[in-house]
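Note that this is a predicted model, so its numbers are computed, not measured.
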Amino acid sequence: MVRTMQRPSMQSQYRYIVVGGGSAGAVAAATLAKEGIGKVLLLEGGYSHKHPLLDMPAGIFKMINGSKYMHYHHTTPQDHLGGRVHDIPQGNVLGGGSSVNAQVYMRGRPSDYDEWDTLLGGQAGWSWQDVLPHFKSMEANNRLLNDYHGHDGPVLVSDPQYIDDSSRAFVQSVQAQGIPFNDDFNGVRQKGVGFYQFTNRRGRRSSTAYAYLDPSVVPDNLDIKLQHKVHKVLLEEGKAVGVVYENDSGAVEEIRLDPDVDGEVILAAGALVTPKLLMLSGLGDAKQLASFDIDCLVDLPGVGENLIDHPEVPVIATAKQGFGYYKQGDGWRMLLNGLQFKLFGSGPVTSAGVEAGAFVNPENPEQEASIQAFCVPMVYLDRDLLSLVNNEYGMTITTVVVKPVSRGYVRLASANPADAPLVCPNLLKDEQDMRAMMAGQRFFIRSFQTAPLANSIKSIVIPNINNLTDEALEQHCRQTVKTNYHPAGTCRMGASDDPMAVLNSRLQVKGVSGLRVCDMSAVPSINAGNTNAVAMMLGKRCAEFILQKEQ
């Protein structure tokens with residue numbers, strides 16, 4: 001059904017319109033508003049972040065396989081995975097991924113950003129030394145204050161308040177394999193095994209919705225509209241002048257920038273939706289747009305290309321009774337844990353369910369890590385694979401290729417804004433990624449077989465421990481690979497002579513004025529590790545680029 005678009009009845013006073021209130025958009029909107037140089041409108045398609053399960057660290061495991069706070073993109077059939085179709089969940093809530101993720105605080109390593117700077121032509125302002133001050137300024141770390149960490153930023157970063165004995169056993173078993181203990185994955189070196197830090201404090205999530213958009217800190221000149229789904233950017237004479245959106249009542253309207261000031265539209269809808277919005281606005285590959293009768297205003301063939309995501313494959317073992325978090329969220333245990341959390345702010349509820357991890361390179365131990373591991377003290381699988389294993393006492397070690405070579409794409413399914421885009425991530429399609437993943441699997445299978453972890457493990461059930469040939473292990477990887485929830489790169493920055501670059505080094509869309517992109521779609525290559533902190537940094541830098549223009 002096509003709804004009639006209604007034009008606003010009065011002149012807009014907004015100098016900036018930010019599309020998407022996730023990790024990047026929230027930071028960009030709040031940073032612009034705090035300067036007081038104009039009104040800011042933040043349009044978020046999802047819901048309020050105020051929900052007890054979202055606030056408590058462990059709540060994500062109650063929601064990951066079905067919730068209105070998550071939007072589930074379905075991939076196209078993946079031929080190299082036997083035709084599998086799998087999900088890519090994304091936040092559908094204010095704060096975006098920062099409101100629904102496992103809260104692991106990770107930036108990547110210096111070489112990630114030096115690589116960006118090189119891809120952008122060198123001295124482009126994206127090297128590690130360029131981005132580190134921005135990371136530090138956002139961070140309020142409860143343990144670290146040094147050259148790598150800040151203590152007075154809005155985002156609360158903390159050591160895990162509760163660590164299960166099973167996680168400690170994992171860390172010790174990996175050390176027994178010759179991997180050194182690392183007390184700070186965001187410090188001098190990334191490699192090693194240890195305990196993650198998280199974006200929470202005293203059992204409460206520190207999402208960007210809380211850190212940047214809480215009523216106690218949000219400026220009066222920032223308006224936030226929830227359940228407002230943007231359809232496209234309005235472009236006139238080569239300039240972004242506003243957006244078309246569907247409001248929370250279902251009416252389609254447009255809102256324009258204040259024509260009397262030099263304003264901008266900023267897209268921060270995520271690596272799967274931002275390219276869709278650009279294409280619906282007439283910015284993209286001319287041939288693709290023509291197939292949907294969309295007038296191409298700027299031919300940008302890179303829009304939607306270069307989709308990168310961290311592929312994740314599980315190793316799952318069953319364990320002795322009492323091991324890990326099985327049944328801790330059920331029955332009397334749930335009531336007891338909930339009471340402890342309510343009265344004392346302590347106990348298992350304060351854990352995000354992922355306390356420990358590792359960065360290793362099984363193939364070339366002297367080089368930077370090729371694999372990140374997450375230790376999950378329970379049986380943990382994607383919702384389309386739940387039937388593969390009985391849910392009982394156990395542990396899952398997920399192995400993630402941190403610098404994947406495989407690339408996919410995002411395309412329009414139609415010219416209808418209500419239709420989800422076509423998403424083809426091509427996880428593990430490149431042989432180099434598959435080889436790295438298999439090496440990671442073999443390494444962490446041995447972790448389960450190494451004391452002290454081995455003392456509590458009954459049997460490894462995935463993959464088939466009795467058949468670990470290359471062919472069998474590769475089939476296991478193809479059957480179970482999933483997203484690590486880090487889609488990126490689909491509107492990437494690039495050098496001025498890069499024909500596939502969508503953005504310049506200041507996050508501006510090429511060929512258009514007054515339009516920027518500041519979410520993970522902007523990155524030329526993915527960082528080694530979780531992406532939430534990176535998205536926040538992108539939002540902050542985007543706002544600062546705009547503010548520098550005003551000086």
Side-chain angles (χ1 to χ4, degrees), residues 57-58 102-106 142-144 158-198 312-326 328 346-348 350-366 368-380 392-400 402 439-463 465 468 528-530:
Q103 303 161 65
V104 174
Y105 181 74
M106 190 67 58
N142 77 338
R143 172 169 56 95
L144 300 165
S158 306
D159 290 328
Q161 189 169 330
Y162 180 90
I163 299 176
D164 191 75
D165 287 344
S166 58
S167 297
R168 298 184 188 279
F170 164 83
V171 171
Q172 290 178 318
S173 290
V174 176
Q175 287 183 84
Q177 292 175 259
I179 303 301
F181 183 79
N182 188 347
D183 67 351
D184 179 14
F185 292 121
N186 294 301
V188 176
R189 59 184 171 86
Q190 186 186 64
K191 286 174 65 178
V193 61
F195 301 101
Y196 290 119
Q197 286 200 304
F198 300 87
E312 171 185 306
V313 173
V315 183
I316 301 177
T318 58
K320 297 177 181 178
Q321 186 170 347
F323 180 91
Y325 287 123
Y326 178 60
Q328 291 299 313
S346 61
T350 64
S351 170
V354 179
E355 296 136 12
F359 285 89
V360 300
N361 191 326
E363 297 177 287
N364 298 290
E366 300 305 314
E368 289 189 301
S370 57
I371 296 292
Q372 180 181 10
F374 296 92
C375 170
V376 186
M378 66 183 77
V379 173
Y380 171 61
E392 56 182 296
Y393 291 102
M395 174 179 281
T396 304
I397 301 174
T398 62
T399 58
V400 178
V402 294
Q441 287 276 296
R442 294 187 190 281
F443 182 93
F444 287 102
I445 286 171
R446 292 194 296 273
S447 299
F448 274 130
Q449 298 168 332
T450 303
L453 193 54
N455 299 334
S456 298
I457 295 302
K458 291 166 55 178
S459 63
I460 297 172
V461 293
I462 287 184
I465 196 65
L468 292 178
N530 304 66

| message | Restricting to non-hydrogen atoms, name the atom on Glu363 and the atom on Ala439 that form the minimum distance, rounded to 0.1 Å. | response | CG-CB, 3.6 Å
| Below 4.5 Å, heavy atoms only, C-beta onward: do Leu468 and Gln441 meet side chain to side chain? | no
| said: Distance check, rounded to the nearest 0.5 Å: Ser459 atom OG versus Ile316 atom CD1? | reply: 11.5 Å
| What's the shortest heavy-atom distance between Gly440 and Thr399, and which atoms? | O-CG2, 3.7 Å
| field | Minimum heavy-atom distance Phe359-Ala369, with the two atoms named | value | CB-CB, 3.6 Å
Distance-only check: which donor-acceptor pairs under 3.5 Å involve side-chain atoms of residues 445-455, not counting sequence neighbours?
unit_1 : atom_1 : unit_2 : atom_2 : d
Arg446 : NH1    : Arg442 : O      : 3.4
Ser447 : OG     : Gln177 : OE1    : 2.4
Thr450 : OG1    : Arg446 : O      : 2.6

| message | Any heavy-atom pair between the side chains of Ile371 and Phe443 that's under 4.5 Å? | response | no
| request: Could you pull out all residues at least two apart from Asp159 that satisfy salt bridge (charged side-chain N to carboxylate O under 4.0 Å, His left out)? | output: Arg143
| query | Is there side-chain contact between Arg168 and Val171, with at least one heavy-atom pair below 4.5 Å? | reply | no
| query | Do you know which two heavy atoms are closest between Phe185 and Gly192, and how far apart they sit? | reply | CE2-O, 3.5 Å
| Taking the side chain from Glu368 and the backbone from Ala528, do they hold a donor-acceptor pair closer than 3.5 Å? | no
| request: Side-chain contact test, heavy atoms from C-beta onward, threshold under 4.5 Å: evaluate it for Phe323 versus Lys458 and give yes or no. | output: no
| field | Pairing residues for Tyr196 by the side-chain hydrogen bond (donor to acceptor under 3.5 Å, both in side chains) criterion, not counting sequence neighbours | value | Gln372
| field | Minimum side-chain heavy-atom gap Val174-Phe444 below 4.5 Å | value | yes
| Over all atoms of both residues, closest heavy-atom pair of Phe181 and Gly194 | CE1-CA, 3.7 Å
| Is there a side-chain contact between Pro180 and Arg189, using heavy atoms and a 4.5 Å cut-off? | yes
| query | Where is the tightest heavy-atom contact between Pro377 and Ser167, given as atom of each residue plus distance? | reply | CG-OG, 3.6 Å
| task | Output the distance between atom CE (Met378) and atom OG (Ser166), rounded to the nearest 0.5 Å. | result | 9.0 Å
| query | Do any N or O atoms from the side chain of Thr396 and from the backbone of Tyr380 form a donor-acceptor pair under 3.5 angstrom? | reply | yes
| task | For residues Glu355 and Cys375, determine if any side-chain heavy atom of one lies less than 4.5 Å from a side-chain heavy atom of the other. | result | no
| message | Using side-chain heavy atoms (C-beta onward) and a distance below 4.5 Å, is Asn530 in contact with Phe374? | response | yes
| query | Are the side chain of Asp184 and the backbone N or O of Asn186 linked by a donor-acceptor pair below 3.5 Å? | reply | yes
| message | So, taking the atom named CG in Asn182 and the one named CD in Gln175, what distance separates them when rounded to the nearest 0.5 Å? | response | 10.5 Å
